[in-house]
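Worksheet for the structure shown next.
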Amino acid sequence: MVLGLVALLLSPIVPPAVAGSSPAVSLTLTPPAVTFGRSQTPSGTIMADAPCAAGRTVDLQQEAAGTSVWTAVGSPATSDGSGGFTFGARQPTANASYRAVVEPVVVGATTCDQLTSPARPGKVRAAVTFALGRSSVPAGSCTTATATVKPAKSGTHVLLQERGSSAWRTVRTLTLDASSRAATQLCETWPDLGRHTMRMTWPSQDDQNATGSSPARVLAVPKAAWMRRIDRLAGGHAMGISIRAKGHVLYEREAFQRFAPASNEKLLLSMALLDRIGPSARIETDAAAGSVHYGVVSGNLWILGHGDPSTGPGQLRTLAKDVVAAGVRRITGRVMGSTTYFSHDWYAPGWRKFFPRLEVGLPSALTFKENHVNGRNVHDPERYAAQELARKLKARGVAIGGGKPGSGAAPGGLGKVAAVRSIRLTGLLRHMDRLSDNFYAEVLGKGLGVDASGPPGTIAHGAAAIESWAAAHGTNVSVHDSSGLSYRNRVTPNGLTGLLQYALGTSWAPKLLAALPAAGQGTLKDRHLAGVKLRAKTGTLDYISALSGWVWLSQLHDWAEFSILDRGMGASHAKDLEDAIVRTTASSAH
């Protein structure tokens, strides 16, 4: 026994065996990222030799976002015979890192050391819900989009997004209230027609949660009933339509097609004149002479016109009175009408050959009775104006000794003896637009051309000034006159309503509306528009018709700009369709 004890004491001390040369433990989160309120299951495997794999106690530890402290969470798990372990499913509320810690243990003669897994990030996305009040909203109507975010994120932002062809784009940014809720009203208009795939997204704004998005929702925007009615009215016809209100397009059909505007051209002219020279402008007609001494005009007394289309016996009577009031008692020469401020051009590309004879008088700077005398359009209106002034002067006792009145190019160096002015521009436009007076348009157009590029005024210069004005306000038009008689003029309905929209925001807008005819007035007298509040300009050429202006919308309680341009129909049928479209717009558009 003693020998056995000695042998035992002399033998080396052997420590308990350790399983495996490099034991380890893994951790997996399923799924690795979870939306708030959803479950996540941690699991793993102990990779060690027996007996250090099975039956081990494993703790789950968490390092919360923004901290550096690891704490145990939940109940420990026990590894199975192959070393696998699974923790109970849990619902994390915030971002965190996780690790598995295997407790040390001695199994028989084997020591199993503590094992720690690599850390695994666990993201928790914010839970976002998205609701639409209605999933189908006719254009012109509204619905409510509502978002709720969990966990509560009051004061942070949520994004309303729409899916484009390749990515989501943000259309609204909303702020969550104290209930972590945000709502916005979606009012859909004509450009929104179709199906829209939308979602709400909470972009990560703290370290607690990752970005979360709601499931997508589809919002359908079909045409409203009134739009479908206009579709039916215009269907099968070459008709372009544009309707706008409050800066938005309400309806369009062939709105970017180019049409001949006919007398809607006068609407362009009216806007250009009001914008360039102002509604209070007056056009002066002068009596001038080279020399006046002691009541005697040495040589001719000249009438210098500057484009007043309304000159007639009344104005010349006033001019004669003012000449006498200036002290003139005798004229040694003649009374002469000047032909120089405007050119005597009387044709534009796209005019019919008979237009100068039947549709429009010579647009001269000095006019007389719209240059229509004795039942015909005259080639020398200045001579008729000179004859009229001479008669009025003689009636007031002025002696004229130089022969018959005439016309010609006035010499330079003349001094003003007396002058008369037209009514304000707004009055001239009222006459032109309500009666669609082609003569007034071409004379005023030449005046616009002079204001833009200097004398002499020509039809082409007037047209160029209209084009330049429209281009300056974002619309390209192609015009050859100011009256709209040219079949070669071109404008789009969209372009016209764009200019009308600009005009409505100017200080002179009320003047333009007042100049245009209302239902039952002027060229709208015999139209089917009873009860409709509108101000609009008509236009008619052979198989071409137009109606553009403003109509009051009973649904919106506001003016809408509209333009209806068409071709290929008889005048009566075209006007009936235009009127029906305007009536529908007035009562139902929104």
Side-chain angles (χ1 to χ4, degrees), residues 29-42 60-74 89-99 119-137 141-189 191-192 195-221 246-248:
L29 300 175
T30 306
V34 66
T35 299
F36 178 88
R38 300 288 180 85
S39 296
Q40 185 180 59
T41 301
L60 180 66
Q61 294 185 348
Q62 169 185 288
E63 182 186 53
T67 71
S68 59
V69 178
W70 289 93
T71 58
V73 293
R90 51 195 309 277
Q91 292 182 333
T93 61
N95 298 329
S97 292
Y98 297 90
R99 68 185 184 185
R120 291 288 181 264
K123 290 187 177 182
V124 180
R125 295 183 291 264
V128 184
T129 59
F130 172 30
L132 286 169
R134 289 188 291 167
S135 60
S136 181
V137 182
S141 301
C142 303
T143 189
T144 301
T146 306
T148 304
V149 178
K150 293 181 180 180
K153 300 290 184 181
S154 62
T156 62
H157 301 303
V158 65
L159 310 177
L160 175 62
Q161 297 181 314
E162 182 173 349
R163 188 162 62 199
S165 58
S166 60
W168 291 92
R169 63 181 182 88
T170 299
V171 294
R172 302 269 178 94
T173 299
L174 312 175
T175 301
L176 295 166
D177 63 16
S179 301
S180 197
R181 180 178 179 276
T184 186
Q185 194 172 52
L186 301 178
C187 294
E188 305 304 312
T189 59
D192 302 315
R195 292 170 61 85
H196 303 267
T197 302
M198 312 182 86
R199 71 180 185 183
M200 290 284 190
T201 294
W202 182 83
S204 181
Q205 294 157 74
D206 55 37
D207 59 3
Q208 297 300 300
N209 294 96
T211 296
S213 296
S214 72
R217 297 282 183 266
V218 175
L219 176 64
V221 184
K246 297 179 181 279
H248 299 289

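Everything quoted here is computed from the prediction, not taken from an experiment.
Partners of Arg125 according to the side-chain contact (heavy atoms from CB on, under 4.5 Å) rule, which considers only residues two or more places apart in sequence or in another chain, are Ala33, Thr35, Ala210. Residues passing the side-chain hydrogen bond (donor to acceptor under 3.5 Å, both in side chains) test with Gln62, sequence neighbours excluded: Tyr98. Every residue two or more places apart in sequence or in another chain that forms a side-chain hydrogen bond (donor to acceptor under 3.5 Å, both in side chains) with Thr189 is listed here: Asp192.
The main-chain N or O of Arg134 is found under 3.5 Å from a side-chain atom of Thr143 such that the two form a donor-acceptor pair. A donor-acceptor pair under 3.5 Å is formed between the side chain of Gln40 and the backbone N or O of Pro31. Within the 3.5 Å criterion, the main-chain N or O of Gly74 finds no donor-acceptor partner in the side chain of Arg90. Checked by atom type and distance alone, the side chain of Ser180 never pairs as donor or acceptor with a backbone atom of Lys150 at under 3.5 Å.
Residue pairs meeting the salt bridge (Lys or Arg N to Asp or Glu O under 4.0 Å) criterion with at least one member in residues 63-73: none, sequence neighbours excluded. Evaluation of the salt bridge (Lys or Arg N to Asp or Glu O under 4.0 Å) test over residues 171-180, restricted to residues two or more places apart or in two chains, returns none.
Rounded to the nearest 0.5 angstrom, Ser97 OG and Arg120 CZ are separated by 10.5 Å. Atom CZ of Arg195 sits about 9.0 Å away from atom OG of Ser136, to the nearest 0.5 Å.
For Lys123, the NZ atom sits in a loose shell: 12 or fewer heavy atoms of surrounding residues, nucleotides or ligands are nearer than 6.0 Å. Annotation for Arg38: atom CZ does not count as buried by contact number, only 12 or fewer foreign heavy atoms lying within 6.0 Å.
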Result block: side-chain N/O donor-acceptor pairs under 3.5 angstrom for residues 198-205, not counting sequence neighbours:
{"unit_1": "Arg199", "atom_1": "NE", "unit_2": "Gln161", "atom_2": "OE1", "d": "2.8"}
{"unit_1": "Arg199", "atom_1": "NE", "unit_2": "Thr201", "atom_2": "OG1", "d": "3.3"}
{"unit_1": "Arg199", "atom_1": "NH2", "unit_2": "Gln161", "atom_2": "OE1", "d": "3.1"}
{"unit_1": "Thr201", "atom_1": "OG1", "unit_2": "Gln161", "atom_2": "OE1", "d": "2.8"}
{"unit_1": "Thr201", "atom_1": "OG1", "unit_2": "Ser213", "atom_2": "OG", "d": "2.8"}
{"unit_1": "Trp202", "atom_1": "NE1", "unit_2": "Thr156", "atom_2": "OG1", "d": "3.0"}
{"unit_1": "Ser204", "atom_1": "OG", "unit_2": "Asp206", "atom_2": "O", "d": "3.1"}
{"unit_1": "Ser204", "atom_1": "OG", "unit_2": "Asn209", "atom_2": "O", "d": "2.9"}
{"unit_1": "Gln205", "atom_1": "OE1", "unit_2": "His157", "atom_2": "N", "d": "3.0"}
{"unit_1": "Gln205", "atom_1": "NE2", "unit_2": "His157", "atom_2": "O", "d": "2.9"}
{"unit_1": "Gln205", "atom_1": "NE2", "unit_2": "Pro203", "atom_2": "O", "d": "2.8"}

Could you go through the side-chain contact (heavy atoms from CB on, under 4.5 Å) check for Leu186 and Leu219 one step at a time? CA-CA 10 Å; Leu186 301 178; Leu219 176 64; 4.2 Å; yes
